[in-house]
Amino acid sequence: MNMSRDTQKHNGFDLLRINLIRKLVLWAGFPYIFQILTLLVFLALAVIGWGLFPPNGVDDKLFAKTNLTNLTIWGLWWPLMIWGAVLFGRIWCAICPMELISNFSERLGRVIGIRQKPLSKWLRSGVLIVALYTVIQLLVAGAHLHRIPAYTSVFLFTLLAVALFTGLLLKDRAFCRGFCPVGMLLNAYGRGSMLAVRHASDRACASCTSRDCVLPGNRKKLVGRSCPSLLNPAKLNSTSDCLVCGQCVKSCAPSNMTLLLRRPFHSADYREPLASWPLTMFIILVSGFVTYELCTEWVQAEHVFLWVPQQLSLNIGLNTNNGWIKGFWTLFIFPFLLWSFFGAIVKLFEFNTNLTTIWRSLALPLVIVISAGHMVKSIAKFVSWVGFLPYAIRDPFGFKTVHQFTSGILQIPAPIIDKIVVSIIGIAIMLIGIYFAIREFRLTHDESRVYWLIPKLILGIMFLFIVFGKEWSFF
Ligand code: SF4
Ligand code: SF4
Ligand code: SF4
């Protein structure tokens with residue numbers, strides 16, 4: 001790494017200057033060894049959860065916390081992944097077992113002579129990812145996918161199977177680019193990532209003749225592949241699609257790639273003025289989901305949020321707690337009403353701008369507030385679930401433990417951080433999120449159109465109110 005760093009625009013600290021990290025990223029076993037380890041954990045969890053349903057008369061939420069599969073996937077891994085995505089982009093992708101499976105099956109498909117196709121344009125757009133994410137959220141609401149170990153197990157095996165088949169039939173990391181249900185979330189939440197793979201010197205890239213980081217001939221290598229996601233590492237200016245796999249670092253003979261640790265929402269990153277349609281739809285959808293998730297932490301807010309679906313269920317003769325109706329309200333009707341309201345506010349000032357353009361312009365700055373809200377929910381969930389881990393390790397299936405909890409032999413573990421402290425942390429996170437959303441507005445918009453800030457402020461204040469009210473309300 002004796003090259004002069006003549007590009008200051010991506011400034012930050014190059015983690016590859018730390019010998020240990022540099023050796024690790026350049027090591028042929030990275031990231032494969034870590035992916036194998038996470039694959040083994042995923043497989044073990046899928047096997048543990050296989051065929052398990054909560055015992056009769058036991059609350060499925062309590063059982064979910066005592067069963068190792070559900071506890072690990074939904075109570076620990078998922079909240080950590082939300083935090084990881086917002087702070088460090090697609091850091092999880094670097095060690096993700098699904099990428100390993102699709103990488104392996106893509107190679108197998110080539111060896112056995114399958115004529116693998118490139119990903120079609122509509123799959124690349126992310127439409128299917130949004131659809132899959134929606135289905136999963138509906139299954140969470142309607143079938144309690146996140147509380148029944150048997151369903152979580154089927155979910156994990158299905159993900160692995162789809163990764164296997166897409167790898168066999170399609171080329172160039174097709175599963176990650178067109179099928180992974182969390183791909184859009186990582187893309188949207190990771191845009192302010194403090195971790196970024198970037199080239200160091202423009203001059204070095206301009207004089208590079210081999211261009212190994214994009215050379216098609218390198219794509220089939222095991223180590224030092226040209227970017228398997230078909231990005232151009234020498235021109236990378238966003239964290240949205242980079243899987244931090246380190247292959248470009250290995251392939252770049254002049255050692256011109258860096259792994260930067262930098263401030264969040266770096267001003268040198270590219271910002272799309274209009275989000276794509278699938279991304280906009282995803283952000284609209286997730287705004288409803290996160291609002292509901294935050295409301296579940298404050299019982300009065302949950303009552304208010306669910307009043308409409310409960311009335312609807314009553315009117316059509318269903319149980320007021322019908323999960324499918326709740327899911328439909330949370331994912332479609334509520335966000336549609338909320339975003340129509342946001343659209344109407346902007347239209348008051350810019351009557352000629354059409355609603356779809358307003359939504360697409362609002363989506364990326366608003367997702368910062370939404371991801372901050374998601375972080376708050378994640379920390380609340382993590383601290384109240386992690387105390388169950390020692391019990392779940394001792395009794396992975398959870399039947400004995402849940403019986404001891406329900407019969408009073410064992411005390412339900414308290415959250416590891418006091419709820420008031422979590423609430424204060426939550427308020428701080430929301431304020432930081434609102435700050436960055438306003439900053440993004442100033443970086444991407446004409447400042448005279450200050451009314452574009454109103455929807456961000458409304459959403460931010462609404463989330464802040466829920467987080468604040470949870471501990472300090474008099475209700
Ligand atoms: S995009 Fe999805 S499948 Fe691919 S590495 Fe990331 S999390 Fe794993
Ligand atoms: S291989 Fe390295 S130096 Fe060459 S174009 Fe790619 S990033 Fe630049
Ligand atoms: S740009 Fe580099 S680190 Fe990012 S996905 Fe491509 S090869 Fe991996």
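Note that the coordinates shown come from a computational prediction; the quantities given were computed from them, not determined experimentally. Counting convention: from 1, in listed order, for ligands and their atoms alike.
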Less than 3.5 Å apart, which donor and acceptor atoms pair up between the side chains of residues 149-160 and the rest of the protein, not counting sequence neighbours?
from, atom 1, to, atom 2, distance (Å)
Thr152, OG1, Asn70, OD1, 2.9
Thr152, OG1, Trp74, NE1, 3.0
Thr152, OG1, Leu145, O, 2.9
Thr152, OG1, Ile148, O, 3.3
Ser153, OG, Ala46, O, 2.6
Thr158, OG1, Val154, O, 2.5

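The only member of Tyr292, Trp83, Tyr189, Phe463 that meets ring pair (Phe, Tyr, Trp, His ring centres under 6.0 Å) when paired with His374 is Tyr189.
By the 30° and 60° cut-offs, the orientation of the rings of His144 relative to His146 is perpendicular.
Counting heavy atoms under 4.0 Å from ligand 1, residue Arg173 does not touch it at all.
Judged as a salt bridge (charged side-chain N to carboxylate O under 4.0 Å, His left out), the pairs with a partner in residues 124-148 (not counting sequence neighbours) are, in order, Asp60-Arg147.
Summary of contacts: the protein heavy atom closest to atom 8 (Fe) of ligand 2 is Cys205 SG, 2.4 Å. At the shortest separation from atom 1 (S) of ligand 1 among protein heavy atoms lies Arg90 NH2, 3.3 Å.
The ligand atoms of ligand 3 that sit less than 4.0 angstrom from a heavy atom of Pro228 are 7 (S). Those atoms of ligand 2 with a heavy atom of Asp212 less than 4.0 angstrom away are 1 (S).
At least one heavy atom of Met257 lies less than 4.0 angstrom from ligand 2. Look at Ser251 and you'll find every heavy atom at least 4.0 Å from all atoms of ligand 3.
By the 6.0 Å and 45° rule, Lys326 does not stack over the aromatic ring of Trp329.
Inside a sphere of radius 2.8 Å centred on atom 2 (Fe) of ligand 1, the protein N/O/S atoms present are Cys180 SG. Around atom 4 (Fe) of ligand 3, the protein N, O or S atoms closer than 2.8 Å are Cys242 SG, listed by chain and residue number.
More than 12 heavy atoms of other residues, nucleotides or ligands sit less than 6.0 Å from atom CZ of Phe53. Surrounding CZ of Phe104 are at most 12 heavy atoms belonging to other residues, nucleotides or ligands under 6.0 Å away.
To the nearest 0.5 Å, the span separating CD1 on Ile82 from NZ on Lys381 amounts to 10.5 Å.
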